[in-house]
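Just so it is clear, the model here is predicted, and its values are computed rather than measured. The sequence lines fix the lettering, A, B, ..., with proteins before strands; numbering per chain opens at 1. We use all heavy atoms of the structure for the numbers below, so side chains are in, but hydrogens, waters and symmetry mates are not.
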Protein chains: 2
Amino acid sequence: MMPGNTVFAQPLARSRLHEEIVSILQKQILTGMLAPGTRLPPERELAESLQVNRATVREALRKLEHVELLDIRHGDGVYVRDYMESGSIDLIRVVSGMDDGNGALLDVLEVRRIMVPEMARLAAMRRSSADLADLERIIFREDSVVMEQDIQVHRVIARASGNLLYTIMLNFFNQLFRDHVLLYFEKKQNIERSLAFHRDIFAAIRDQKSGEARRIMQEVLLFAEAAVKESMARQP
Amino acid sequence: MMPGNTVFAQPLARSRLHEEIVSILQKQILTGMLAPGTRLPPERELAESLQVNRATVREALRKLEHVELLDIRHGDGVYVRDYMESGSIDLIRVVSGMDDGNGALLDVLEVRRIMVPEMARLAAMRRSSADLADLERIIFREDSVVMEQDIQVHRVIARASGNLLYTIMLNFFNQLFRDHVLLYFEKKQNIERSLAFHRDIFAAIRDQKSGEARRIMQEVLLFAEAAVKESMARQP
DNA sequence: ATTGGTTTATTGGTTGAACCAGTAAACCAT
DNA sequence: ATGGTTTACTGGTTCAACCAATAAACCAAT
């Protein structure tokens, strides 16, 4: 893969104004500065105190409503909800991005360690011949970058599991650990570990050996997890 | 519990205008009517064709951006993303609410069957004495409604697992199956099943028998799952 | 022919000032 | 005490602009 592209890899998305407001309020809610049940100032006041238009404030409040951090009641007001009662996984992204957010990342790793092997097991049981063909095409292609190959392998396995939620959660994991994955595939030994994994999981899924698929997935996850934790320790 | 409250149980939330727009676009994207990569008309045109103000359109588009169904690019335009690449669990809610949405609900049940017993196992291992006290207080209280009791039991177990993601996903499950849970606790035999479950899981967690906690949780989940599937078959 | 800078039309982002619509609290009549 | 009415406040929506980023067309220099 192309080395040294860490600087201009991302388009450095300039934050939009309403996203700034989201960050400010998010932080205050998650740190408890704004306790659950608290009633926020009216939109008009918020807009004035933030020196911003009311429409901009509204777009920010809307986002916080979507992640169930706020309760917006027409004619009444805006109330802070208890984030421990939220059912929005997006909250994890927010918490992960905070100062001591690595704890949340460890939580995600723990859940992934349980879910993804099970996903592989189901995939081995349920895979169609089309799934198998996709997997083979992805794995036995010389020109491709291993990292992209790896992501696609997981994606096809998720699809083969026949469970939409697995696909979505896999995407969620990939997004969350995007930076760590980039680092992971810098090391030659990790790349070789992945290639071996691709070979083995393909065989297991081809032969519909569900237990073995599960085991293979679990092993590679533990391996990758150790690498992630190590890089987290270095760059907190 | 109070019977016959099915009519006025919910405040029949009148949909806000921007939510209507969200529904319309969501449907078109998830059914493939709007294919990934498609560029939406400019906000101004959308507003005109929907006979609605641009600010209202924007709040709708914002929501769809949050669930990763749209990609909004300043100065460029609004593009439809591939929902199979979304990492937003909220999508499941949307899919579940569609015509053939029960498939998605079955997917969620399948994941829950894997995750929640593991959550109980961790809770038994990690529970603090405060967690245990909470659990005891909730379970051995005569005046409470069993359904609320049950939800709180699960909530404390999630908290005791020490993993924030479990708490959030549990909330997600509860919200998704809210209606089914209501039906579930109409039946006397189900209530008794839950009371026995509370007793057993409490003992397992108290004695920190993690394997047993896991097994007990798994059994009650399978039991409840069967009931949910049955009621799904009756009321699709 | 390619590169790099400039212009321009288009599109999302933000603003200000209104008005509509739902809520809760105070108030009043019964 | 109960039920209906008024009122002040708050979120929801609208309208009409202007700001800012993008892409495409264009142009100039190499």
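- Summarising the geometry of Asn53(B) relative to Ala55(B), their closest heavy-atom pair is OD1-N, 2.9 Å, with the distance given to 0.1 Å.
- Comparing dG12(C), dA24(C), dA23(D) by their closest approach to the side chain of Val78(B) singles out dG12(C).
- Using a 4.0 Å heavy-atom distance criterion, Arg73(A) is classed as a sugar-phosphate-only contact.
- Look at CZ on Arg58(A): it is 15 Å from C1' on dG16(C), rounded to the nearest Å.
- In this structure, CD in Glu68(B) is found 10.0 Å from CG in Asp90(B), a value given to the nearest 0.5 Å.
- Remark: C1' of dT13(D) and CG of Leu46(B) are 17 Å apart, rounded to the nearest angstrom.
- Considering only side-chain N and O atoms, Thr56(A) lies under 4.0 angstrom from the phosphate OP1 or OP2 of dT15(C).
- Remark: Glu48(B) CD is loosely packed, at most 12 non-hydrogen atoms of other residues, nucleotides or ligands lying under 6.0 Å away.
- Checking the phosphate oxygens (OP1, OP2) of dG13(C), no side-chain nitrogen or oxygen of His18(A) falls inside 4.0 Å.
- Proximity of Arg16(B) to the phosphate of dG11(D): no side-chain N or O atom is located under 4.0 Å from OP1 or OP2.
- Residue whose closest nucleotide on DNA chain C sits further toward the 5' end, between Val52(A) and Gly75(A): Val52(A).
- For dG16(C), the base has no donor-acceptor partner in the side chain of Arg54(A) [N/O atoms by modelled type, under 3.5 angstrom].
- One cannot find a donor-acceptor pair under 3.5 Å joining the base of dG22(C) and the side-chain atoms of His74(A).
- With Tyr184(B) as the aromatic partner, Arg193(B) does not meet the cation-pi criteria of under 6.0 angstrom to the ring centre and within 45 degrees of the ring axis.
- Taking atom CZ of Arg44(A) as the reference point, atom P of dA8(D) lies 15 Å away to the nearest angstrom.
- Residue Val78(A) comes nearest to Leu61(A) through the heavy atom pair CG2-CD1, 4.3 Å, listed as atom of the first residue, atom of the second, then distance.
- Going from atom CD of Glu43(B) over to atom P of dT11(C) covers 11 Å, rounded to whole Å.
- Distance, Leu50(A) CG to dT14(C) P: 13 Å, rounded to whole Å.
- Rounded to an integer number of Å, the gap from Arg62(A) CZ to dG11(D) P is 11 Å.
- When both pairing distances are held under 3.5 Å, dA21(C) makes a Watson-Crick or G-U pair with dT10(D).
- Spacing between atom CG of Asn53(A) and atom P of dC19(D) amounts to 14 Å, rounded to whole angstrom units.
- For the pair Glu45(A) CD and dA8(D) P, the computed distance is 18 Å after rounding to whole Å.
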